[in-house]
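The structure presented is a predicted model; accordingly, all values stated were derived computationally and were not measured. Proteins come first, then strands; the chains are lettered A, B, ... in the order of their sequence lines, and each starts at number 1.
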Amino acid sequence: MTYFCGSFFNMNIVSTLQGAVAKAVTELYGEATDASKVLVNTTPPDFTGDYSVVIFPFVKIAKKSPDVAAAEIGQYLADHVSEVKAYNVVKGFLNLEISDSYWQSFLQTVAGNESFGTTPNNGKKVMVEFSSPNTNKPLHLGHIRNILLGWSCTRLLEAAGYEVIKTQIINDRGVAICKSMLSWLKWGEGKTPESEGIKSDHFVGDWYVLFEQKSKAEYDAWQQTEVAHQLFESKSKPNQEAKDFFKDYKNKWFNEFSTLGAEVREMLLKWEAHEPETMALWQKMNGWVYAGFDQTYHNLGVSFDKLYYESNTYLLGKDIVEDGLAKGVFFKKEDGSVWVDLTDAGHDQKVVLRADGTSVYITQDLGTARMRHAELGCEKYVYVVADEQNYHFQVLFETLKRLGEPYAEGLHHLSYGLVELPTGRMKTREGTVVDADDLVAEVLRIATEQSSERGESEGVSQEEKQENLRRVGMGALKFFIIKVHPKKKMIFNPEESVDLQGQTGPYIQYSHVRINGLMQRIARENIDLAPASGYSGIQTQEKDLLLALHEYPDVVQKAAAEYDPSLVANFCYDLAKKYHKFWHDLSVFNADTTEARAFRLSLSKSVGQVLKSGMGLLGIEMPERM
RNA sequence: GGCUCCGUAGCUUAAUGGAUAGAGCAUCUGACUACGGAUCAGAAGGUUAGAGGUUCGAGUCCUCUCGGAGUCACCA
């Protein structure tokens with residue numbers, strides 16, 4: 001029989017080959033093989049062929065040498081699979097050449113099909129939680145990595161067929177925001193973002209910073225007191241320096257000795273009592289922060305479907321604790337505190353409710369998880385949170401599993417490495433935190449500077465020029481961050497992040513701009529692409545593009561399944577690189593024949609589409625010109 | 001100290017257990033009177049931290065060692 005593959009929508013050539021190889025092994029050697037385990041790769045450049053089959057796994061079954069088995073399977077494929085034009089064997093690898101007619105029909109299914117690579121809606125819902133800032137400070141570089149990862153994941157999951165609900169939990173209550181509030185109240189003299197001409201979230205952050213400075217001054221002074229000396233004498237470890245001792249002691253001091261600390265706690269109590277003046281102040285300052293965040297989110301091109309506020313969720317979870325006790329998943333200690341014991345899962349015991357009946361961090365996460373599932377009913381819940389919280393999420397998910405929550409298997413922590421500068425970790429105290437707004441402004445400045453040096457955007461309106469510059473600048477920044485595997489700690493070099501050449505976003509955008517130029521000419525001269533099907537003798541540069549395009553749907557699926565946008569980023573770079581090579585080596589409009597011209601135009605159109613689609617999955621837009 | 005993660009060229013990084021470890025930056029050298037040179041080609045740069053093991057085959061899996069990070073709060 002023949003495995004001709006007429007439709008690309010349900011089967012591609014790779015799975016055809018896998019199935020045929022499995023069948024060949026069964027028929028030739030009498031042992032069944034799983035088609036999905038047949039290894040089919042694209043053939044490396046130095047060998048003849050499009051795809052290669054690894055034969056080693058079958059030599060035991062065949063009881064023949066790798067080369068003999070490869071030749072037999074190759075012959076079987078040539079006889080039974082119409083797309084296989086020829087084969088050759090090198091050291092146990094079976095290299096297959098695919099017929100041009102296959103590539104012709106493939107190209108026809110791609111060109112003009114905007115949804116190529118994406119899966120139709122599968123009727124399932126998934127929630128992705130990302131960003132989740134505190135409201136006492138503006139967003140910084142760490143948030144940017146989180147936001148880009150989260151956003152890209154939502155796009156990937158959509159492309160894989162899910163309905164996606166984008167959420168963030170806004171940490172709008174607690175000690176941190178109270179510090180900003182108190183600071184403004186004490187020293188603010190009624191100033192506002194408007195009166196000072198400062199972006200409103202930065203304005204609030206400045207009061208937080210001032211509070212920390214005042215607090216530090218108070219602490220330094222306190223360390224000279226008799227009480228402090230006595231504490232140091234009695235509580236320091238042997239040979240411990242005063243500096244190290246007081247560094248460790250800071251929290252305790254703030255809670256027990258600091259007058260500012262006492263004032264902050266008083267404010268927190270007033271907030272919890274819903275004291276009207278405090279609530280008004282809280283709302284005013286959070287309002288400033290949200291206005292600032294909105295602008296930053298807008299600049300980053302992201303949005304949310306549903307917002308959760310910690311002020312509404314921080315008391316959740318008490319009922320789940322009762323539930324856990326009833327189910328015997330939790331237990332109560334003598335002092336009344338409630339615990340979960342995960343020692344058999346390699347974790348420790350963990351408090352889920354204090355002796356005084358108040359919540360801890362994990363309590364609200366338990367409650368929020370249950371509430372959200374009741375509200376959203378998703379299949380999966382993805383939490384985009386930095387890897388310093390790996391342990392917390394292991395404990396959280398394991399606990400929910402033991403509680404028998406129905407969504408427990410769908411929970412996923414998308415953990416990512418911290419962003420560091422070439423000089424090391426960002427530190428608030430040393431002022432090395434890279435501010436999100438500053439960074440965005442900087443990449444736009446560089447893009448503008450580079451563009452004016454090239455001076456190629458004449459005859460374009462000012463608005464269009466601005467928009468294209470924005471896309472290039474943001475493209476550089478976003479690609480730089482997202483090309484790195486999420487799990488890996490990232491070294492962020494500000495200078496390299498705005499590079500516009502080499503393995504960068506603009507490099508990919510540029511290949512799209514070139515294609516855009518071709519498409520405009522097609523429209524202008526009314527060029528017919530139909531002759532493409534009469535083209536024969538596909539060149540290696542063209543074949544490389546076809547092979548890459550062919551891989552796109554699998555890349556999207558894999559990236560979605562692994563929550564890994566870097567796969568798509570690297571794919572786009574690879575495709576753009578192959579297109580630049582093609583562009584350099586082969587003439588499109590000056591091709592020898594109208595068939596070749598139409599084929600190359602059709603191929604270019606497909607590459608343009610896929611690049612736009614792939615970069616779109618990363619949240620990167622394509623400029624029309626640059 | 002326990003647990004987890006990471007270690008690839010000077011730097012930033014890629015590689016479902018498959019062929020000679022692939023790119024970019026930086027360095028050096030070339031390529032448009034052809035569709036846009038933010039491009040292309042070439043040179044140089046590697047004991048994949050180290051040592052064992054499993055396998056026809058290991059950067060990838062297992063064990064140990066070294067180096068780095070995170071975490072082990074009735075903080076969030």
Under the salt bridge (charged side-chain N to carboxylate O under 4.0 Å, His left out) rule, what pairs show up with a residue in [range], not counting sequence neighbours?
| range | result |
| --- | --- |
| residues 502-512 of chain A | none |
| residues 504-523 of chain A | A:R521-A:E525 |
| residues 337-361 of chain A | A:D344-A:R402 |

Write out a two-atom table: protein N or O, nucleotide N or O from nucleotides 28-33 of chain B, distance below 3.5 Å.
none

Lys/Arg-Asp/Glu bridge criterion (N-O < 4.0 Å) met for A:R173, A:E272: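 Result for this pair is yes, salt bridge flagged.
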Does the distance from a Lys or Arg side-chain N to an Asp or Glu carboxylate O, for A:E388 and A:R425, drop under 4.0 Å?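 Judged by the 4.0 Å cut-off on N to carboxylate O distance, A:E388 and A:R425 do form a salt bridge.
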Atom-pair distance ([atom1] on [X]; [atom2] on [N]), nearest Å:
| X | N | atom1 | atom2 | value |
| --- | --- | --- | --- | --- |
| A:Y579 | B:A38 | OH | P | 15 Å |
| A:Y510 | B:C35 | OH | P | 10 Å |
| A:Y507 | B:A38 | OH | P | 12 Å |
| A:M519 | B:G36 | CE | C1' | 14 Å |
| A:D585 | B:G37 | CG | P | 13 Å |
| A:K60 | B:G57 | NZ | P | 11 Å |

For A:T43 and A:D50, which I'm curious about, is there any donor-acceptor pair between the side chains at under 3.5 Å?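 On atom types as modelled, these side chains do not qualify, holding no pair under 3.5 Å.
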Please indicate whether [X] has more than 12 foreign heavy atoms, meaning atoms of other residues, nucleotides or ligands, lying under 6.0 Å from its [atom1].
| X | atom1 | result |
| --- | --- | --- |
| A:D592 | CG | no |
| A:K60 | NZ | no |
| A:K578 | NZ | yes |

Dot-bracket pairing map - RNA chain B, Watson-Crick plus G-U, both contacts under 3.5 Å, | cross-strand: (((((((..((((....[...)))).(((((.......))))).....(((((..]....))))))))))))....
List for me each residue that meets ring pair (Phe, Tyr, Trp, His ring centres under 6.0 Å) alongside [X], sequence neighbours excluded, and say none if there are none.
| X | result |
| --- | --- |
| A:Y510 | A:H580 |
| A:Y51 | none |
| A:W271 | A:W282, A:Y314 |
| A:Y383 | A:F393, A:F397 |

Considering every strand and a 4.0 Å limit on heavy-atom distances, what is the contact class for [X]: base, sugar-phosphate, or nothing?
| X | result |
| --- | --- |
| A:H485 | sugar-phosphate |
| A:L500 | base |
| A:V352 | nothing |
| A:I55 | nothing |

Should the pair A:F257 and A:Y249 be assigned to parallel (<30°), tilted (30 to 60°) or perpendicular (>60°) ring geometry?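 Rings of A:F257 and A:Y249: tilted, as their planes differ by 30° to 60°.
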Taking for each residue the nucleotide of RNA chain B with the nearest heavy atom, is it A:V513 or A:V40 whose nucleotide lies nearer the 5' end? A:V40
Whether each nucleotide of nucleotides 17-25 of chain B has a protein heavy atom under 4.0 Å at its base (B), only at its sugar-phosphate (S) or at neither (-) is summarised, 5' to 3', as -BBB--BSS
I need a per-nucleotide contact map over nucleotides 69-76 of chain B, read 5' to 3'. Cutoff is protein heavy atoms under 4.0 Å; write B for the base, S for backbone only, - otherwise. -SSS-BSB
Starting at OG of A:S606, measure out to CG of A:L601 and round the result to the nearest 0.5 Å.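 It comes to 10.5 Å.
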Heavy atom of residues 469-482 of chain A under 4.0 Å from RNA chain B: which residues? A:V472
